[in-house]
Amino acid sequence: MPDAAGPTDALAFTPDIARATAPIYDRMKRVVPAIEWPFHAPLIHAINKLKRDRNAVILAHNYQTPEIFHGVADIVGDSLALAAKATQTDADVIVVAGVHFMAETAKLLNPAKTVLIPSRNAGCSLADSITAADVRLLREAHPGVPVIAYVNTSAEVKAEVDICCTSGNAVEVVESLGVDRVLFLPDEYLAKYVATQTTVEIIAWKGHCEVHERFTGAEITDFRNRFDRLTVIAHPECPPDVLAAADFVGSTARMIDFVGTEKPPRVLMVTECSMSDNVAAASPDTEFVRPCNLCPHMKTVTLASILDSLQTLEPRVEIAPDLAARARRSVERMLAVKPK
Ligand code: 13P
Ligand code: SF4
């Protein structure tokens, strides 16, 4: 039955869209099979057009899929880079292709802008592992000890602490306080890693990332036995036996920089699995060995949900002004700490 063009027609893979998106596909052709491109290209084309119409910018975490990371993102990076760059945009609308705590951080730093999180289900096991009431109890149990919160926490938790940190600046933040002892929450394994890098005593909460806690030291040994000349680089959210077996430990941005500068012939990135795809797309001389642990929260953000979010300007991140003011202070204190 003849009909006006509906949403499905608008998202057809026409010759015009194929031509317009060909340079974008070129950036990810090493990791996105050609058979998938007709599904992604119309969405990418529509998102990039709507972004211009809305004066919107898309911030994407390194764990987003290659079609988001290389196809529609304006700014990509680790949690620290996304927070820092969120302060520098003059866009009216910020879409966070990441998880909820990242979108909250962007909103804290841009209270007057519209901040969108395309999936209401994009949570985080670390952020869920601690509440504001837990922080108040910790303070009672350890009077006078400063509290550092990983950015993987809710705005309510950020409002209760002294300063935030990310995996990219945790050691610098701990040492910036000039004290002998700190409370560090909620990631136990990141806390343990930081304790190996400083003389400051670290009192840790026992939260874990559900993606990184699944890696084991035995698994790393097994990979080393199976692959010659393997360089192992790991995220500090991994358990201590994994970090002990790694050649390099760092935030997602530092892992990417390591591959870019060291150019290892064969690398195992012990972290969320989309990141290997994103880096592999631009690293033709390195072979990526992948233990594939996906973050189910990150994966609830898709091209379709980003397009829907830009069309409807929902779901928006809203934070009550009093709470936002207290949480913002912790994030801004972190951003003022000089990197090493
Ligand atoms: P970074 O990108 O800051 O290293 O964080 C990793 C992570 O798990 C974010 O959810
Ligand atoms: Fe949270 Fe881990 Fe997923 Fe990052 S990878 S969002 S820390 S559950």
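Hydrogens, waters and symmetry mates are skipped; everything else that's a heavy atom, side chains included, is used. Remember, it's a predicted structure, so these values are computed and weren't measured experimentally. Order of appearance sets the numbers: ligands from 1, and atoms from 1 within every ligand.
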Check contact between Arg254 and ligand 1, using heavy atoms of the residue and a distance below 4.0 angstrom.
no
Is the shortest side-chain N to carboxylate O distance from [X] to [Y] below 4.0 Å?
{"X": "Glu272", "Y": "Lys299", "value": "yes"}
{"X": "Arg254", "Y": "Asp257", "value": "no"}
{"X": "Lys192", "Y": "Glu188", "value": "yes"}
{"X": "Asp74", "Y": "Lys85", "value": "no"}

Does a donor on one side chain and an acceptor on the other come within less than 3.5 Å for [X] and [Y]?
{"X": "Tyr193", "Y": "Ser167", "result": "no"}
{"X": "Thr300", "Y": "Ser119", "result": "yes"}
{"X": "Asp134", "Y": "Thr131", "result": "yes"}

Within a distance under 4.0 Å of any heavy atom of [X], pick out the atoms of ligand 2 and give their elements.
{"X": "Leu126", "value": "7 (S)"}
{"X": "Ser125", "value": "8 (S)"}
{"X": "Val211", "value": "5 (S)"}

Thr252 versus ligand 1: do any nitrogen or oxygen atoms come within less than 3.5 Å of each other?
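Looking only at distances, the answer is yes, because the N/O contact criterion of under 3.5 Å is met.
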Quick check: does Ser251 get an N/O under 3.5 Å from an N/O on ligand 1?
no
Around [atom], find the nearest protein heavy atom and jot down its residue, atom name and distance.
{"atom": "atom 3 (O) of ligand 1", "value": "Ser79 OG, 2.9 Å"}
{"atom": "atom 2 (Fe) of ligand 2", "value": "Cys209 SG, 2.3 Å"}
{"atom": "atom 1 (Fe) of ligand 2", "value": "Cys124 SG, 2.4 Å"}
{"atom": "atom 3 (Fe) of ligand 2", "value": "Cys295 SG, 2.4 Å"}
{"atom": "atom 7 (S) of ligand 2", "value": "Asn152 ND2, 3.2 Å"}
{"atom": "atom 4 (O) of ligand 1", "value": "His235 NE2, 2.7 Å"}
{"atom": "atom 4 (Fe) of ligand 2", "value": "Tyr63 CE1, 4.1 Å"}

Within the 4.0 Å heavy-atom shell around [X], which atoms of ligand 1 are there?
{"X": "Met102", "answer": "9 (C), 10 (O)"}
{"X": "Ser167", "answer": "1 (P), 3 (O), 4 (O)"}
{"X": "Glu237", "answer": "6 (C), 7 (C), 8 (O)"}
{"X": "Asp78", "answer": "1 (P), 2 (O), 3 (O)"}

Contact region, Asn152 to ligand 1, non-hydrogen atoms below 4.0 Å, reads side chain
Per-residue contact class, Glu272 against ligand 1 - non-hydrogen pairs under 4.0 Å:
neither
Can you check whether Glu210's main-chain N or O pairs, donor with acceptor, with Ser125's side chain at less than 3.5 Å?
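Present.
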N/O donor-acceptor pair under 3.5 Å between Arg333 side chain and Asp162 backbone
yes
May I ask you to check if the distance between the SG atoms of Cys124 and Cys209 is under 2.5 Å?
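No, because the SG atoms of Cys124 and Cys209 are not under 2.5 Å apart, which misses the disulfide cut-off.
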Angle class for the His208/Tyr189 ring planes (parallel below 30°, perpendicular above 60°, tilted otherwise)?
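Ring orientation of His208 relative to Tyr189: parallel.
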Tell me the closest heavy-atom pair linking Glu213 and Pro239, and the distance in Å.
O-CG, 3.9 Å
Quick one: look at Glu237 and ligand 2, take heavy-atom pairs under 4.0 Å, and tell me if it's side chain, backbone, both or neither.
side chain
